[in-house]
A.B. asks: 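Got a structure for you, written out below as structure tokens; questions coming shortly.
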Amino acid sequence: MDWADELAARVSGPQVVNDSKTPSGTVHVGSLRGPVILDVVARALRAAGIPTTLLYGIDDMDPMDAQSLLTPDAVDRYMGAPLASIPDQAGDGHASYARHHAQTFVETFAGLGIRPDRYYWMSEIYPTGNLDPFIRLALDRAHVVRDIYRRVANVRHPDAWHPISVICERCGKVGTTIVTHWDGDRVYYECRPDLVKWAAGCGSAGWVSPFGGRAKLPWNLEWAAQWSLFGVTIEPCGKDLATAGGSRDRSDAIAREVFEREPPINVPYEFLNVGGKKMSTSKGKGAAAHAIADTIPPEQLRFLFVRSRPNQVVEFEPEGTDAIPRLFDEFDRYADATAGRPFRGELAAGFDATLRYSLLDPDADLAAEAGAYRAAFSHLALLVQIPGVDVVARIEAEKGSPLTARERAALDERIISVGRWLEAYAPDRARLAVRRDGLPEEAAALDDQQRAFLARLAQAVTTPGAPVTGEAWQGAIFTAAQADELPSGRAFTAIYLAFLGRSNGPRAGWLLSSLEPAFVIGRLHEAVANVPGGLA
RNA sequence: GGGCCCGUAGCUCAAUGGCAGAGCAAGUGACUCUUAAUCACUUUGUUGGAGGUUCAAGUCCUCCCGGGCUCACCA
């Protein structure tokens, strides 16, 4: 049983699983852990026969608070304005800044097999008036809210402060307004130039009704109001919010004391660390973060997150390591185990659930998916580097039967991953380079028997004309080795040393067939004749 | 300064309080057609440290060290 199943076993009755996000910037890999956990929780509940609704909110009434996300000419006008009312800075046709970025992550989620039953937009919820009862409660109990902030978070608001942000009637900003009076019908607000450091209000003031979309609840109240409005029973949150005295504590207290409802079950989760550090778009790891998502296919990315308990930091360092190949290998091992094939080592109980929750399609046939033929990542990494090899045909030959459409699609996906990995992350030892410039010094390690074998091979391929196919070359190698009674392993080592300067390599026949015969023969002779300098 | 999470083999991680284990990496060997594959075997530990509870502690308690995150004017 895996962690999500354990959670599902603890609850009864219909569940509403929720999360929400501010559409302020692009999504990086680390920030995908939350949505994956959210989705897996919902899948586990459903697998346990519990009626479950998965909701995802877009907090597009949140104020813009980062200048770097705006074009310079938009800063004065839009800092502090709701994201939903800022024009699309990318200028690619979206109705607003919020729509632009929300679309990015809706698409990203869909690509990861995360399809909430419903996305809700706060900019659409407020005008319906559905939040008005909560706005009224918050204003009536403003002293309770102030007390919670002081007690739980040690934040002291002025006595006149009320938990609502009016959208300024004149300048349209929401981050710059403060409400100081509430008469049970309207609120008195001021749009201050200096309320917050990051945005300047226009200075207007007045009495206005806070209902029907004219005002927004501060984040902690809005969160608790979402729980009440939608009947949320489970909501994971990142540990940045889950800390004591942090956002979640405040919202929990507000839910209980202001809206009089138990907060949902929390599933606090840790982050994804890259090289021991949290990923962040603002800390220079952003580009790398994006590239990682482009390199790892969705199912392996889900697997990365599903495999670990939420409270465990996921350490992942793809740069110059075999972390990515190993992720694939582990995935394949889980698949082997689930399919009932032999697999190395042992796996904790629940491995089949882990695999199931890693699949894109929640309704996929687990046995069929697990049983599908998958070429090992490192094997592919090798094949794609040999010129002239038909990788698909080669893999099909290794499988022994034609690939299914599903297997072919997975192979194509994996080949793309391999290419990106070799390009961006792979350690040098994974890259294949024929030493064109001359006999590698490592070839000094060749012994007499190996030199004799190379000589025989050179002779064999010259006499009737060089082999053309990889298979023919492979045959020639074995024949030559046999004639000298040289164990094939040492024969191959000899070839690798002569051409690659290393003791192992890809299938030698195919490697040699990708090179010009004249070069191959020349190099063979060199290796036989020359004992590179420096060694007595 | 407060809080939370974490610390187990070189790396990534397991172990209802009950003989510290896997994968990968490394090493040795096998292989006449998958040779960076496959197979067999092997090495690696003061479980961050010190106390305590217990017949028994990686696991529970206290303190310390280290790493990470977070809160104290935002969402």
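Every chain is numbered from 1 and lettered A, B, ... according to where its sequence line falls, protein lines coming before strand lines. A quick note: this is a predicted structure, and the numbers were derived from the prediction, not measured.
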A.B. asks: Would you call A:Glu257 and A:Arg151 a salt bridge, taking side-chain N to carboxylate O under 4.0 Å as the test?
C.D. replies: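 A:Arg151 and A:Glu257: salt-bridged.
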A.B. asks: Hey, are A:Arg431 and A:Asp428 close enough for a salt bridge, meaning a charged N less than 4.0 Å from a carboxylate O?
C.D. replies: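 Here A:Arg431 pairs with A:Asp428 in a salt bridge, since their nearest N and O are under 4.0 Å apart.
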A.B. asks: Taking the basic N atoms (NZ, or NE/NH1/NH2) and the acidic carboxylate oxygens, is any pair closer than 4.0 Å for A:Arg150 and A:Asp147?
C.D. replies: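 Salt bridge: yes.
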A.B. asks: Does the structure show a Watson-Crick or G-U wobble partner for B:U46, both distances under 3.5 Å? Name it, or say none.
C.D. replies: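 Here B:U46 is not engaged in any pair, so there is no nucleotide opposite it.
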A.B. asks: Now, which nucleotide makes the Watson-Crick or G-U wobble pair with B:A56, with each of the two distances under 3.5 Å?
C.D. replies: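 Checking every strand shown, B:A56 finds no partner, since no pair has both distances under 3.5 Å.
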A.B. asks: On RNA chain B, check which nucleotide each of A:Asp62 and A:Leu500 is closest to and give me the residue with the more 5' one.
C.D. replies: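 Residue closer to the 5' terminus by nearest nucleotide: A:Leu500.
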A.B. asks: If I take atom CZ in residue A:Phe303 and atom C1' in nucleotide B:G23, what distance separates them, rounded to the nearest angstrom?
C.D. replies: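 Taking CZ of A:Phe303 and C1' of B:G23, I get 11 Å after rounding.
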A.B. asks: Heavy atoms under 4.0 Å, any strand shown: does A:Glu346 hit a base, just sugar-phosphate, or nothing?
C.D. replies: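 Since only primed, P, OP1 and OP2 atoms lie under 4.0 Å of A:Glu346, the category is sugar-phosphate.
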A.B. asks: Within the 4.0 Å heavy-atom criterion, would you say A:Gln312 contacts the bases, only the backbone, or no part of the nucleic acid?
C.D. replies: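 Sugar-phosphate contact only.
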A.B. asks: Which whole-number value in Å describes the distance from A:Phe328 CZ to B:A37 C1'?
C.D. replies: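 Computing the A:Phe328:CZ to B:A37:C1' distance gives 19 Å.
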A.B. asks: When only distance counts, do a donor and an acceptor, one from the side chain of A:Glu315 and one from the base of B:U12, lie under 3.5 Å apart?
C.D. replies: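 Result: no qualifying N/O pair found.
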A.B. asks: Does B:G27 have a Watson-Crick or wobble mate here (both distances under 3.5 Å), and if so which one?
C.D. replies: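 B:C41 - that is the nucleotide pairing with B:G27, both distances being under 3.5 Å.
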A.B. asks: Under 4.0 Å, counting only non-hydrogen atoms across every strand here, what does A:Arg150 touch: a base, just sugar-phosphate, or nothing?
C.D. replies: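 Answer is nothing: A:Arg150 stays at 4.0 Å or more from every strand.
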A.B. asks: Can you tell me the distance, in whole Å, between the NZ atom of A:Lys239 and the P atom of B:U70?
C.D. replies: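 The answer, rounded to whole Å, is 9 Å.
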A.B. asks: Hunt down the Watson-Crick or G-U wobble partner of B:C69, both distances under 3.5 Å, from any strand shown, or write none.
C.D. replies: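 Result: B:G3.
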A.B. asks: Hey, do the aromatic rings of A:Phe105 and A:His101 have their centres closer than 6.0 Å?
C.D. replies: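 Not close enough - the centres of the two rings lie 6.0 Å or further apart.
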A.B. asks: Over how many whole Å does the gap from A:Asp329 atom CG to B:C13 atom C1' extend?
C.D. replies: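 After rounding, the reported distance stands at 15 Å.
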A.B. asks: Looking at B:C13, which nucleotide sits across from it as a Watson-Crick or G-U wobble partner, both distances under 3.5 angstrom, or is there none?
C.D. replies: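 Base partner found: B:G21.
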A.B. asks: Whole Å only: how far is the CZ atom of A:Phe316 from the P atom of B:C11?
C.D. replies: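 To the nearest whole Å, that distance equals 17 Å.
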A.B. asks: May A:Phe271 be described as stacking on the base of B:C69, applying a 5.5 Å centroid limit and a 30° limit on plane angle?
C.D. replies: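 No, the aromatic ring of A:Phe271 does not stack with the base.
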A.B. asks: What is the nucleic acid contact for A:Glu330, judged by heavy atoms within less than 4.0 Å: base, sugar-phosphate only, or nothing?
C.D. replies: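 Sugar-phosphate only.
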A.B. asks: Would you call A:Glu346 and A:Arg333 a salt bridge, taking side-chain N to carboxylate O under 4.0 Å as the test?
C.D. replies: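 No, A:Glu346 and A:Arg333 are not salt-bridged.
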